[in-house]
Amino acid sequence: MKKFLYIFICFFVLTSMSTSESGIINKIKVSYAKNQIKKEFKFAWDNYKQYAWGHDELLPLTKTYKDWYGEPLAITIIDSLDSLYLMGFNDEFESAVNWVIKNVDFDKNIKVQAFEITIRLLGGLISAYQISGNEKLLLMAEDLAERMLPIFDSPTGMPYRYVNLRTGEVEDYINNPAEIGTLTLEFGMISKLTGNKIYYDKVKNAVVNLYNKRSKIDLVGTHINIITGEWTNKESHIDGAIDSYYEYLYKSWLLFGDKDFFNMFKTSFNAVEKYLSDPYHGMLWYKHVNADTGEPISRHIGALCWFYPGLLAFAGNIQKAEELAKSGYWMWNNWGIEPEQIDYSTKEVLNPAYILRPELIESTYYFWKLTGDNIYRDKAYNMFNDLKVFAKCDNGYTRVKNILTGEKDNLMDSFFLAETLKYLYLTFDDSKLDFDNIIFNTEAHPFMDIQ
Ligand code: DMJ
């Protein structure tokens with residue numbers, strides 16, 4: 001009975017949040033929310049353990065698993081290591097680390113997507129190494145980075161998209177700014193941690209050469225041929241395929257203190273702000289334009305864009321970031337959860353999926369950290385509850401195929417544990433992190449500044 005009374009009080013407290021509440025009530029709310037998030041993480045993790053352990057991702061509806069490349073790389077485990085630690089599952093963290101060291105071997109005859117393997121596996125191993133101090137994790141990370149080095153052997157120094165982990169054979173020379181530019185933190189950290197400069201030099205060279213291909217108005221397109229250096233698609237935006245290119249220019253400056261990254265960020269950021277930022281019918285959005293002319297192409301915005309308010313705030317423009325985030329919250333609440341893509345000029349859903357993405361939640365964490373305003377905890381908690389309504393199933397959390405009908409898909413992406421639930425949790429308790437001295441990679445793996 002007592003338990004029900006407690007739940008009732010907590011529910012009442014949480015649904016009547018206001019910034020004027022007393023410190024004690026806030027503490028109860030915060031600890032209730034954090035425990036709820038932790039509980040859902042454990043539920044998702046336990047289901048992964050039961051039905052997919054050692055494999056890449058859980059298929060919760062069919063209680064089985066998916067391996068991206070036929071042979072498993074334990075993507076969910078490596079991607080989840082630091083979440084386990086940050087949420088206080090210390091024994092689980094230790095045993096998962098030991099399992100990874102004993103069972104994961106990258107000497108596999110498979111062709112992998114360098115970007116995804118870098119942000120999830122290299123990123124996960126680096127942060128787990130920094131947390132645990134276990135040198136074996138660093139050796140694994142270095143081995144993986146070395147196996148991927150052949151991607152940079154192109155005439156422009158920009159990477160191929162795929163590489164065979166055993167033979168070094170590369171494939172796919174049409175790449176994009178996100179996949180070219182979102183390797184710097186991870187490869188740069190390997191250089192820092194091992195003292196071998198090759199990784200940093202290769203990624204920096206790739207990014208500088210990409211940056212030098214920007215248009216006269218300082219914008220980049222969506223696809224580039226890394227053999228010839230010619231753009232094959234000149235649509236410019238902050239959506240998927242470009243998004244984290246901007247994030248890593250800024251974060252690489254912060255993590256490595258390399259002024260070149262700051263200069264590249266500043267120029268690019270000014271162009272984004274000038275040509276893409278789109279106040280439209282009383283709300284702020286970011287449009288798609290032609291990279292050469294700045295002429296509008298569409299008023300489409302995708303779920304991946306919502307990392308940008310957080311970056312904008314982190315880079316110092318909190319006011320504008322909050323204005324942009326308002327559009328994101330409007331969108332989320334209008335449909336009860338976030339659609340994968342909408343046309344903001346017609347308010348039409350173009351892609352009705354929600355694939356457990358973290359970006360708006362990630363931005364909310366940054367707002368909470370930078371403003372200390374409880375309203376962001378409120379927003380995070382509401383989004384968490386919406387996730388439960390739309391994406392929870394009997395054996396984990398799953399992608400939603402159609403948010404308009406509620407139809408579920410069958411995949412729990414590793415970033416759900418690595419990012420979505422982590423950023424939610426950190427919004428209520430990030431006491432195990434030194435926020436001022438870490439930089440999150442784009443998969444939410446915290447890298448410690450060791451300068
Ligand atoms: C994650 O793997 C990363 O956040 C990446 O930058 C973009 N896509 C997914 C999540 O949406």
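Each ligand, and each atom within it, is numbered from 1 in the order the structure gives. These numbers come from the heavy atoms of this one structure, side chains and all, not from hydrogens, waters or symmetry mates.
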Could you give me the CA-CA distance, side-chain angles and deciding distance for K408 and F390, then say whether side-chain contact (heavy atoms from CB on, under 4.5 Å) is met? CA-CA 8 Å; K408 289 186 167 69; F390 278 85; over 6 Å; no

Under 3.5 Å: donor-acceptor pair, side chain of D56, backbone of W68: yes

Tell me whether Y248 contacts the main-chain N or O of T442 through its side chain, where contact means a donor paired with an acceptor under 3.5 Å. yes

Contact table, ligand 1 N/O with protein N/O, distance under 3.5 Å:
unit_1	atom_1	unit_2	atom_2	d
ligand 1	2 (O)	E443	OE1	2.6
ligand 1	4 (O)	E419	OE1	3.3
ligand 1	4 (O)	E419	OE2	2.8
ligand 1	4 (O)	T442	O	2.9
ligand 1	6 (O)	T442	OG1	2.7
ligand 1	11 (O)	R357	NH1	2.7
ligand 1	11 (O)	E359	OE1	3.4
ligand 1	11 (O)	E359	OE2	2.8

When I174 is tested against each of I224, N225, I226 for side chain to side chain contact (heavy atoms under 4.5 Å, CB included), which residue passes? N225

What verdict does the side chain to side chain donor-acceptor pair (under 3.5 Å) test give for E179 and Y160, after you've listed the backbone C-alpha separation in whole Å, the side-chain angles of each residue and the deciding distance to 0.1 Å? CA-CA 9 Å; E179 296 191 38; Y160 291 86; over 6 Å; no

Proximity of W253 and F262 rings by center, below 6.0 Å: yes

